[in-house]
Asker: 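Please find one structure pasted underneath; my questions will follow.
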Amino acid sequence: MSKLDIPKSFESKDYEDALYKQWEASGFFNPDNLPGRRPNAYTISMPPPNATGVLHVGHAVMLAIQDIVIRFQRMAGKRALWLPGTDHAAIATQTKVEKLLKERSGKTRQDLGREKFLAEVDAFVAQSRSTIKNQTRKMGSSCDWSRERFTLDQGLNEAVNEAFVRMYRDGLIYRGLRVVNWCPRCHSTLSDDEVEYRPVRAKLYWIKYGPFVLATARPETKLGDTCVAVHPSDQRYQQFVGQKLMIPGVLGEFEVTVVADAVVDPEFGSGVIKVTPAHDFTDFEIARRHGINLKQVIDEDGRMMSNCGTYAGLTTRQCRERIVIDMEKLGLIEKIEDYDHNLSVCYRCGTTIEPIPSKQWFVSVSTPVKSLGGRSLKERALAAVKDGEVKIIPDRFNKVYFHWLENLRDWCVSRQIWYGHRVPVWYRGGQSPIANRQSPDEIYVGTTPPKGEGWRQDSDTLDTWFSSGLWTFSTLGWPKATKDLKTFHPTDFMETGYDLLFFWVARMIIMSTYLMKAVPFRQVYFHGLVRDEQGRKMSKSLENIIDPLDVIAAYGADAVRLSLVIGTTPGNDTNLSEAKIGGFRNFVNKLWNISRYILMSVDTVALVEKKPKAKTLADRWILAELDELIAVATEQLEQHNFSAAGERIYEFTWSKLADWYLEVAKLEPGKDDILLYILQTLLKLWHPFTPFVTEAIWRRLGTGELLMIQPWPTYVKTSVGSPRYAGVAGKPASVKAQTTAADRKAVAEFELVQSVVSAIRNLRAESNIAPGQKLSAIIIDGKNQKIITRQTAVIAGLARLNDLRVAKTSAKPTGSLSAVVGGFEIYLPVAELLDVKKETTRLQQEAARIETFVNHLEAKLKNQRFLDRAPKAIVVAEQEKLVLHQEKLVLIKRQLESLK
RNA sequence: GGACAAUUAGCUCAGCUGGUUAGAGCGUUGCGUUCACAUCGCAAAGGUCGCUGGUUCGAGUCCAGCAUUGUCCACCA
């Protein structure tokens, strides 16, 4: 043993912060500083966490996966850039600050005024941003902080303005009066995707409506009705179509027009619907198709307007209760039924959405664009995935993406909140009343304010996803033609939760294909939701939240990373528990101790970069296994099968290296170079997954260099199979390490040795022979004697035998435990310790098991159809299997004889 | 209403284009401190692969239907 002093366990907290500082100080997070010629760039644009947020386990997954990819690519010689940032998350942030303000001073944002309120938000965000940045560091994320961006940065604001103006000039942005999703609490519009649905038990009111009886869930909207619609082919109501009818109501009679429209389902209810164009999306469309006026009765506070007589000022809910009572008095209610339906609520605050008419800015997704070859934004974005320019992982999300885009309506991008990018539009003149389609405004749309007096900027801000949609290129300097933009865009790998497919991913594709004439990323990988160990969502009320920072402190960032990656598949939710993290902490410690042993047992610690020559069977075996591991792990990482890659490296580390090879190394001295080579290769393979522990060990090699920039291990590869996958981008051919016949033989032979050792250990355990007690053994075989003879020292050492004899023919040793493995008969003469009855039973059971299997194989091989139709190789394999087991059966029966 | 997942050992999950007696981790049981590691070692027990059909020489794997759970989309007044 050398005098190296290495602690017995890896205490993560003693290393993590110092290592991260060292990495950051090295400058290698910045691709410009990476050593060597690196012709190819590899870029990941980090999904910016909300500036107000704290790191949660969802971020942790994202950071773990992306860091694996970027560290792998960096070691593989790419000019690797992982660009971090934060998102201003307009509505979420404003809502949060409003809440804090209310708690602190009881004031609203209106009390403060726009400017002061925004100053509050800025102060809050500045603080939160630094919090989440430090938390990101705790995960070990190797992102380039020198390029960090914020969606409200000056540069990004320029990008937003530029994008808006270009779209406006191309006729893709227009201002229009529409029924919009309105959140009365946020006082803002919401896009369709920002609306959530909650099932509620409500009432369905059947009301008498002039000559009709019809059903409605919202009787209060009757005050805004301007027409009634029936299906064009509905014979029952033909006579009314086109007529104007006077309908009795709680505020007296009012006039409606009867129209025929195909959206009405004649089978449902009475086949008649009342139409409230101002407060329902479908109704708005009906009214538009038939040139019917709309009548707004609900205002921006969600209250009934002054045109509602005695109901003016009531909330819609209060009004509903009151109006039902009043209608019952007038005999206008036919019946009331229970009714389950979905209530639209704001995704941020849960307030019931009120559809109201409003003049807003929209992005047209269906207008043909010249620069897109006459295609619309929608069509271009569809093509990006259909043509394979963007590959979605897992590909089942393709369908979801197509469906969403195909049904996409124009995107309402203006918001009436204060925090965000202000709409780059200026007005001069009086702003028109909301219900008026004609605007007398003089409008100026531009990236810089117009010259001249009296211009007033639009008070609305843009949907936060409008700026997020530009993220992959606005962060690289667009609209300026920067070097970064040229080098790093399109990015290579986007990774986020599938809940962001519509909100963000699709919009990035829309924006980038239009503004950059290129996709924003070549691949997009969706991770699943992290749930608790019982598969429930993590939530405050369930008290089942796992805080990444807590578990990093307790188990180390490496263990947390492994627990979030191994055992997960893209797009599927995963369950996480502290027990799982604890398990990986144990593994990290195992890796530490493997290293500790190797570093302490070698004479000289040195770099061994070339594969050393094997001297023994075990050497040949482990080196062949390692080559195979490099090939498989590399291929799996390239294909983003992180879990599979990790599992394979894990298995090699623990089940092959630690359990077998290191034990052999204790018996066969002179393996320093091989041990060091394996260790160094393994540290490289693990580094993307567990950067801290691997870097900490690497430092003990004393090279003075960082592991994070070491070259990825190489191997001689053979291609297996061909690229025959259906995937649009084409999956690469499967790759294996090139193995020689000698390698394959070594693996087979060593596996035989392993089975012999396991069999002897099994015999000992079954007979309760203390592990410490030395035994002798006799192994009999005619065919493969040489293997055993050459490996007697290894077998004896691992099986704790003090004497191992190899004989050609069965000497029928009496008083022995026995087993048959790989054609060998194994006898452990234990004499007086032998429980003949127990041993007989054990062997009989074994024999019975094999007999069943032999019968099964015999039956199979007698089946003419199997012989005729199965591939030759399979038949041969089955025949060999049969012979093998028949022989084994004979040997076991012989052993049974010897017990008599 | 439509779509998509999932359903394999007590728990959490692997099992690729169908072909060894279906695997791992955790947990359980027995034994154990051999100088890398008790955050460890050795060994063991534990599964009619949700159900029903079908294709096939052969199905956990492919097809159809069903059931259960979950998610997304749409939403009819």
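Order of the sequence lines sets the chain letters (A, B, ...), proteins ahead of strands, with each chain counted from 1.
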Asker: Reckon A:Glu651 touches a base, only the sugar-phosphate, or nothing at all at heavy-atom distances under 4.0 Å?
Answerer: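 Here A:Glu651 touches no strand at all.
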Asker: Quick one: look up who B:G23 pairs with, Watson-Crick or G-U, both distances under 3.5 Å, and put none if it's unpaired.
Answerer: B:C13
Asker: Expressed in angstrom and rounded to an integer, what is the separation of A:Lys537 atom NZ from B:U71 atom P?
Answerer: 6 Å
Asker: If the P atom of B:C40 is compared with that of B:C26, how far apart are they to the nearest Å?
Answerer: 8 Å
Asker: From the options B:G19, B:C13, B:C75, select the nucleotide whose nearest atom is closest to the side chain of A:Asn575.
Answerer: B:C13
Asker: Between B:C49 and B:A59, how far apart are the C1' atoms? Round to whole Å, please.
Answerer: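 11 Å, rounded to whole Å.
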Asker: Say we look at B:G2 and B:G58: how far apart would their C1' atoms be, to the nearest angstrom?
Answerer: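 To the nearest whole Å, 37 Å.
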Asker: Base, sugar-phosphate alone, or nothing: which one does A:Arg218 contact when heavy atoms must sit under 4.0 Å apart?
Answerer: nothing
Asker: Go ahead and name the base partner of B:U61; Watson-Crick or wobble counts if both distances stay under 3.5 Å, otherwise write none.
Answerer: none
Asker: Mind checking A:Lys666 for me? I need base, sugar-phosphate or nothing, with any heavy atom below 4.0 Å counting as a touch.
Answerer: base
Asker: According to a strict under-4.0 Å criterion, is A:Lys590 in side-chain N/O contact with OP1 or OP2 of B:A36?
Answerer: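 For B:A36, OP1/OP2 do not have a side-chain N/O of A:Lys590 under 4.0 Å.
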Asker: So does A:Glu878 pair up with A:Lys860, basic N to acidic O under 4.0 Å?
Answerer: yes
Asker: When we call it a touch if two heavy atoms are under 4.0 Å apart, what does A:Ala579 touch: a base, just sugar-phosphate, or nothing?
Answerer: nothing
Asker: What's the closest nucleotide to the side chain of A:Glu11 if the choices are B:C76, B:U20, B:U39?
Answerer: B:U39
Asker: Sub-3.5 Å donor-acceptor pair from the side chain of A:Asn544 to the main-chain atoms of A:Ser539, do we have one?
Answerer: yes
Asker: Check this one for me: any side-chain N or O of A:Asn586 less than 4.0 Å away from OP1 or OP2 of B:C40?
Answerer: yes
Asker: Considering heavy-atom distances to RNA chain B, does A:Val272 or A:Ile594 have its closest nucleotide positioned more toward the 5' end?
Answerer: A:Ile594
Asker: Roughly, in whole Å, what's the span from CD1 in A:Ile581 to C1' in B:U39?
Answerer: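 These atoms are roughly 15 Å apart.
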Asker: In whole Å, what separates the P atom of B:C63 from that of B:A3?
Answerer: 16 Å
Asker: Could you check which of B:C37, B:U71, B:U21 has an atom nearest any side-chain atom of A:Arg596?
Answerer: B:C37
Asker: Taking N and O atoms by type only, does the side chain of A:Glu663 place a donor or acceptor under 3.5 Å from a partner on the base of B:A36?
Answerer: yes
Asker: In whole Å, what separates the C1' atom of B:U69 from that of B:C51?
Answerer: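 15 Å, rounded to whole Å.
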Asker: Check the phosphate of B:A43 against A:Arg761, side-chain N and O only, distance under 4.0 Å to OP1 or OP2. Yes or no?
Answerer: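 Yes, such a contact exists.
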Asker: For the residue pair A:Thr852 and A:Asn855, confirm or rule out a side-chain donor-acceptor distance under 3.5 Å.
Answerer: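 No donor-acceptor contact under 3.5 Å links the two side chains.
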Asker: Once you round it to whole Å, what is the distance between C1' of B:C16 and CZ of A:Arg648?
Answerer: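 Computing the A:Arg648:CZ to B:C16:C1' distance gives 12 Å.
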Asker: For B:A9 versus B:A45, give the span between their C1' atoms, rounded off to a whole number of Å.
Answerer: 11 Å
Asker: Is there a donor on the side chain of A:Asn342 or the base of B:C75 sitting less than 3.5 Å from an acceptor on the other?
Answerer: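 Indeed, a donor on one side and an acceptor on the other fall under 3.5 Å apart.
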Asker: Does B:C76 have OP1 or OP2 under 4.0 Å away from a side-chain N or O of A:Thr282?
Answerer: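 For B:C76, OP1/OP2 do have a side-chain N/O of A:Thr282 under 4.0 Å.
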Asker: Could you give me the CA-CA distance, side-chain angles and deciding distance for A:Val875 and A:Leu867, then say whether side chain to side chain contact (heavy atoms under 4.5 Å, CB included) is met?
Answerer: CA-CA 7 Å; A:Val875 177; A:Leu867 297 174; 3.8 Å; yes
Asker: Would you indicate what A:Asp659 reaches in the nucleic acid, counting non-hydrogen atoms under 4.0 angstrom: base, sugar-phosphate, or nothing?
Answerer: sugar-phosphate
Asker: Could you identify the nucleotide paired to B:G50, looking across every strand shown and requiring Watson-Crick or G-U wobble geometry with both distances under 3.5 Å?
Answerer: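 Matched B:G50 with B:C66 under the 3.5 Å cut-off.
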Asker: Could you tell me whether the phosphate oxygens of B:U39, OP1 or OP2, come under 4.0 Å of any side-chain nitrogen or oxygen in A:Asn593?
Answerer: no
Asker: State the pairing partner of B:U71; accept Watson-Crick or G-U wobble contacts with both distances under 3.5 Å, and report none otherwise.
Answerer: B:A3
Asker: Indicate whether OP1 or OP2 belonging to B:A14 is found under 4.0 Å from a side-chain N or O atom of A:Ser643.
Answerer: no
Asker: Over all strands shown, is A:Phe502 touching base, sugar-phosphate only, or nothing at heavy-atom distances under 4.0 angstrom?
Answerer: sugar-phosphate
Asker: Is A:Arg409 positioned over the aromatic face of A:Phe281, cation under 6.0 angstrom from the ring centre and no more than 45 degrees off axis?
Answerer: yes
Asker: Write down the distance separating the P atoms in B:G47 and B:G10, rounded off to the nearest Å.
Answerer: 7 Å
Asker: P atom, B:U21 versus B:G25: distance in rounded Å?
Answerer: 22 Å
Asker: Counting side-chain heavy atoms from CB outward, which of B:U21, B:A6, B:G30 is closest to A:Asn572?
Answerer: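 Shortest atom-to-atom distance from the side chain points to B:A6.
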Asker: Taking only N and O in the side chain of A:Asn762, is any of them less than 4.0 Å away from OP1 or OP2 of B:C42?
Answerer: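 No, A:Asn762 has no side-chain N/O under 4.0 Å of OP1/OP2 on B:C42.
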Asker: Roughly how far apart are A:Ile594 CD1 and A:Trp654 CH2, rounded to 0.5 Å?
Answerer: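 It is 8.0 Å, given to the nearest 0.5 Å.
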Asker: Round to the nearest Å and state the distance from A:Leu775 atom CG to B:C42 atom C1'.
Answerer: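 To the nearest whole Å, that distance equals 14 Å.
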Asker: Whole-Å distance between B:C76 C1' and A:Glu337 CD?
Answerer: 14 Å
Asker: What contact category does A:Ala877 fall into here, base, sugar-phosphate, or nothing, at under 4.0 angstrom with non-hydrogen atoms?
Answerer: nothing
Asker: 5'-most contact on RNA chain B: A:Ser758 or A:Gly269, nearest heavy atom basis?
Answerer: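 Nearer the 5' end of the strand: A:Ser758.
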Asker: So if I take every side-chain heavy atom of A:Pro871 and compare against B:G30, B:U21, B:G19, which nucleotide ends up nearest?
Answerer: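 Of the options given, the side chain of A:Pro871 lies nearest B:G19.
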Asker: Counting side-chain heavy atoms from CB outward, which of B:A14, B:C76, B:A43 is closest to A:Asp265?
Answerer: B:C76
Asker: Does the B:C37 base have a donor-acceptor partner in the side chain of A:Lys8 within less than 3.5 Å?
Answerer: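 Looking at the base of B:C37, it does not pair with any donor or acceptor on the side chain of A:Lys8 (distance under 3.5 Å).
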Asker: Show your reasoning for whether side chain to side chain donor-acceptor pair (under 3.5 Å) applies to A:Thr221 and A:Lys274.
Answerer: CA-CA 9 Å; A:Thr221 60; A:Lys274 63 191 226 25; 2.7 Å; yes
Asker: Is any side-chain N of the basic residue among A:Arg648 and A:Glu635 closer than 4.0 Å to the acidic one's carboxylate O?
Answerer: no
Asker: How are the rings of A:His640 and A:Tyr525 set to each other: parallel, tilted or perpendicular (split at 30° and 60°)?
Answerer: perpendicular
Asker: Is it true that A:Arg198 and A:Glu196 make a salt bridge, defined as a side-chain N closer than 4.0 Å to a carboxylate O?
Answerer: no
Asker: Output yes when at least one side-chain N/O atom of A:Lys881 is less than 4.0 Å from OP1 or OP2 of B:U20, else no.
Answerer: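 The answer is no; no side-chain N or O of A:Lys881 sits under 4.0 Å from OP1 or OP2.
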Asker: Between atom CD1 in A:Ile393 and atom P in B:C16, what is the gap in whole Å?
Answerer: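 Going from A:Ile393 (CD1) to B:C16 (P), I get 18 Å.
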Asker: Would you mind classifying the nucleic acid contact of A:Arg585 as base, sugar-phosphate or nothing, using non-hydrogen atoms under 4.0 angstrom?
Answerer: base
Asker: Is B:U29 paired to anything, Watson-Crick or G-U wobble with both distances less than 3.5 Å, and if yes, which nucleotide?
Answerer: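 Here B:U29 is engaged in a pair, and the nucleotide opposite it is B:A43.
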Asker: By the 4.0 Å heavy-atom rule, please label A:Trp654 as base, sugar-phosphate, or nothing.
Answerer: sugar-phosphate
Asker: Would you say B:C13 has OP1 or OP2 under 4.0 Å from some side-chain N or O of A:Lys580?
Answerer: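 A:Lys580 to B:C13 OP1/OP2: no side-chain N or O under 4.0 Å.
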